[in-house]
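The structure appears right after this line, and notes come after that.
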2 protein chains.
Amino acid sequence: MNYYSIGEAATRLGIPESTIRFYEKQGLLPRMERDEAGRRIFTEDYLVFLKIILYLKNTQMPISQIRQYVDWMAEGDSTIALRLAMFQEHKQAVLAQIALMTESLQGIEKKIERYTNYLETNGKEVLS
Amino acid sequence: MNYYSIGEAATRLGIPESTIRFYEKQGLLPRMERDEAGRRIFTEDYLVFLKIILYLKNTQMPISQIRQYVDWMAEGDSTIALRLAMFQEHKQAVLAQIALMTESLQGIEKKIERYTNYLETNGKEVLS
DNA sequence: TCTTGACTTAAACCTTGGTTTAAGTCGTAT
DNA sequence: ATACGACTTAAACCAAGGTTTAAGTCAAGA
C-alpha cells in the first residue's frame with residue numbers, strides 16, 4: 001500500500017496542510033497513523049475517508065455535526081441508523097440550499113438581462 | 001404608497017431587524033428614509049431593492065462585494081457595464097458552487113445507499 | 001400621567017472556520 | 001558535519017457576519 005505525507009495528502013485533496021491539522025484537532029480525523037518520527041501517515045483508504053469529510057464540508061455541514069458523524073463511526077455499526085438519518089436530513093438541507101441559490105440566481109439573471117438590454121440599446125431602455 | 005417599519009420589513013423579508021441595521025451600517029442600504037422621530041421607513045420599492053441584496057447574500061456574495069455594487073448604483077448609469085460584468089462573474093461563481101454541491105451530494109448519496117442496504121439486509125451487507 | 005412596546009444608537013460580544021507564527025525535530029543531499 | 005526542506009506543536013491571530021447589550025427616545029392606550 002502507498003503512504004502519503006501531509007504535504008502530499010494536502011496536494012492531492014486540494015486543501016492546505018493547516019486545514020488537515022485543524023480538522024484533526026477538531027476531532028474529524030481520528031486514529032491518524034504516525035511514523036516513528038511522529039509524522040502523519042495517510043493511506044489511500046484514509047484519503048477516501050477524508051474525501052467524505054470534504055463532501056460534507058463542501059455541502060456546508062458544520063464541523064460540529066461532522067464530528068458527531070465521526071464519533072458515531074467510532075462507536076461501530078450500532079450507530080448506522082443514526083448516521084443514515086443524519087445523511088438523509090443533510091441531503092434535504094443541501095437540496096433546499098441548492099433550491100434557494102437557484103431561485104436567487106433567477107433574480108440576479110433578471111438584473112443581467114436588464115443591464116444587457118440597457119447597454120445594447122445605448123441607454124434607451126428604462127432601468128426600473 | 002405603503003410604508004413599513006423596520007419590524008414589519010424584517011418580518012416580510014424573514015430576517016432579524018438586527019441584520020437590517022447591520023447591513024445599513026455596512027453601507028449596503030444607502031439613502032434610507034426616516035420619519036420625524038428618526039425611525040427607518042421602508043417603501044415597497046425599498047423592499048424590492050433589499051430583496052436584491054438578499055439574493056446576492058443567499059448566493060454567498062461577500063458583503064464587501066455587495067457594497068461595491070451598491071456604490072456603483074449610487075454613481076449612476078455610467079457604472080452599468082461594471083455592474084453587468086460583476087453579476088455575470090457572480091453567476092458563474094454560483095453555478096460553480098451549485099455544481100460542487102451537487103457533486104459532493106452524490107458522494108453522500110452513495111453513503112446513504114450503503115447504509116440503507118446494510119439496514120435492509122440486517123447487517124449481512126459489507127460496509128467498506 | 002404612566003406604562004408599554006417599538007423603535008434608536010454605539011459598543012461589546014460571539015461563533016465559525018480556519019491561518020499564521022514561533023520554536024523545535026528530523027532525514028537526506030552536499 | 002551541516003544545511004535544507006518537510007515535518008511537528010501550541011498558541012496567537014484573523015476575518016466574516018452577525019447578535020446582544022445598555023441606555024435612551026417616543027407614541028399610544030389605560
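In what follows, every chain begins at residue 1, and chains take the letters A, B, ... in the order their sequences are listed.
- Residue A:Gln26 contributes atom CD, which lies 9 Å from atom P of C:dG17 at whole-angstrom precision.
- With rounding to whole Å, B:Ile6 atom CD1 is found 12 Å from C:dT9 atom C1'.
- Scored by the side-chain contact (heavy atoms from CB on, under 4.5 Å) test, A:Lys110 finds no partners at all (sequence neighbours excluded).
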Report task. Summarise how protein sits on nucleotides 20-30 of chain C as a single string, 5' to 3': B when a protein heavy atom is under 4.0 Å from the base, S for sugar-phosphate-only contact, - for no contact. Result -> B-----SS---
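- Under the 4.5 angstrom side-chain criterion for Ile, Leu, Val, Met, Phe, Trp and Tyr, the cluster partners of A:Ile41 are A:Tyr3.
- Proximity of a side-chain donor or acceptor of B:Thr43 to a complementary backbone N or O of B:Tyr46 within less than 3.5 Å is detected.
- Contact check of residues 41-72 of chain A against DNA chain D (heavy atom, cut-off under 4.0 Å) returns no residues at all.
- Remark: B:Ser5 is in phosphate contact with C:dC7, judged by side-chain N or O atoms under 4.0 Å from OP1 or OP2.
- Residues satisfying the side chain to side chain donor-acceptor pair (under 3.5 Å) test with B:Gln68, not counting sequence neighbours, are B:Trp72.
- Contact between the side-chain N/O atoms of B:Arg40 and the OP1/OP2 oxygens of C:dC7 is not found at any separation under 4.0 Å.
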Residues 53-62 of chain A, side-chain donor-acceptor partners within the protein, below 3.5 Å, at least two apart:
from	atom 1	to	atom 2	distance (Å)
A:Asn58	ND2	A:Leu54	O	3.2
A:Asn58	ND2	B:Ser104	OG	3.4
A:Thr59	OG1	A:Tyr55	O	2.9
A:Thr59	OG1	A:Leu56	O	2.9
A:Thr59	OG1	A:His90	NE2	2.8

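- Residues of residues 85-104 of chain B that place a heavy atom closer than 4.0 Å to DNA chain D do not occur.
- At whole-Å resolution of the value, CD in A:Glu24 and P in C:dG18 are 15 Å apart.
- Remark: P of D:dA27 and CG of B:Asp35 are 8 Å apart, rounded to the nearest angstrom.
- When heavy atoms are screened at a 4.0 angstrom cut-off, A:Glu17 is found touching the sugar-phosphate backbone but no base atom.
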Using distance only, find each side-chain donor-acceptor pair of residues 23-33 of chain A under 3.5 Å and give its atom names and separation, not counting sequence neighbours.
from	atom 1	to	atom 2	distance (Å)
A:Glu24	OE1	A:Arg40	NE	2.7
A:Glu24	OE1	A:Arg40	NH2	2.9
A:Glu24	OE2	A:Arg34	NH2	3.4

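- As a whole-Å value, the separation of A:Glu8 CD from D:dA6 C1' is 10 Å.
- Counting heavy atoms from C-beta on, the side chains of A:Thr116 and A:Glu120 come closer than 4.5 Å.
- Closest approach to the A:Thr19 side chain among D:dT19, C:dT8, C:dG18 is made by C:dG18 (side chain taken as heavy atoms from C-beta onward).
- Scanning for side-chain contact (heavy atoms from CB on, under 4.5 Å) contacts around A:Glu89 gives an empty result, with sequence neighbours left out.
- When the P atom of C:dT16 is taken as reference, atom NZ of A:Lys25 falls 16 Å away, rounded to whole Å.
- Put simply, CZ on B:Phe22 is 13 Å from C1' on C:dC13, counting in whole angstrom units.
- Legend: salt bridge (charged side-chain N to carboxylate O under 4.0 Å, His left out) pairs involving residues 2-17 of chain B, not counting sequence neighbours, sorted by first then second residue: B:Arg12-B:Glu44, B:Glu17-B:Arg21.
- Remark: A:Gln106 pairs with A:Thr102, A:Glu109 by the side-chain contact (heavy atoms from CB on, under 4.5 Å) rule, at least two apart or across chains.
- Side-chain atoms of A:Arg83 and B:Tyr115 form a donor-acceptor pair, as typed in the model, at a separation below 3.5 Å.
- Following rounding to the nearest Å, B:Arg21 (CZ) and C:dT9 (P) show an atom-to-atom distance of 7 Å.
- Taking B:Ala96 as the reference, nothing meets the side-chain contact (heavy atoms from CB on, under 4.5 Å) condition, with sequence neighbours excluded.
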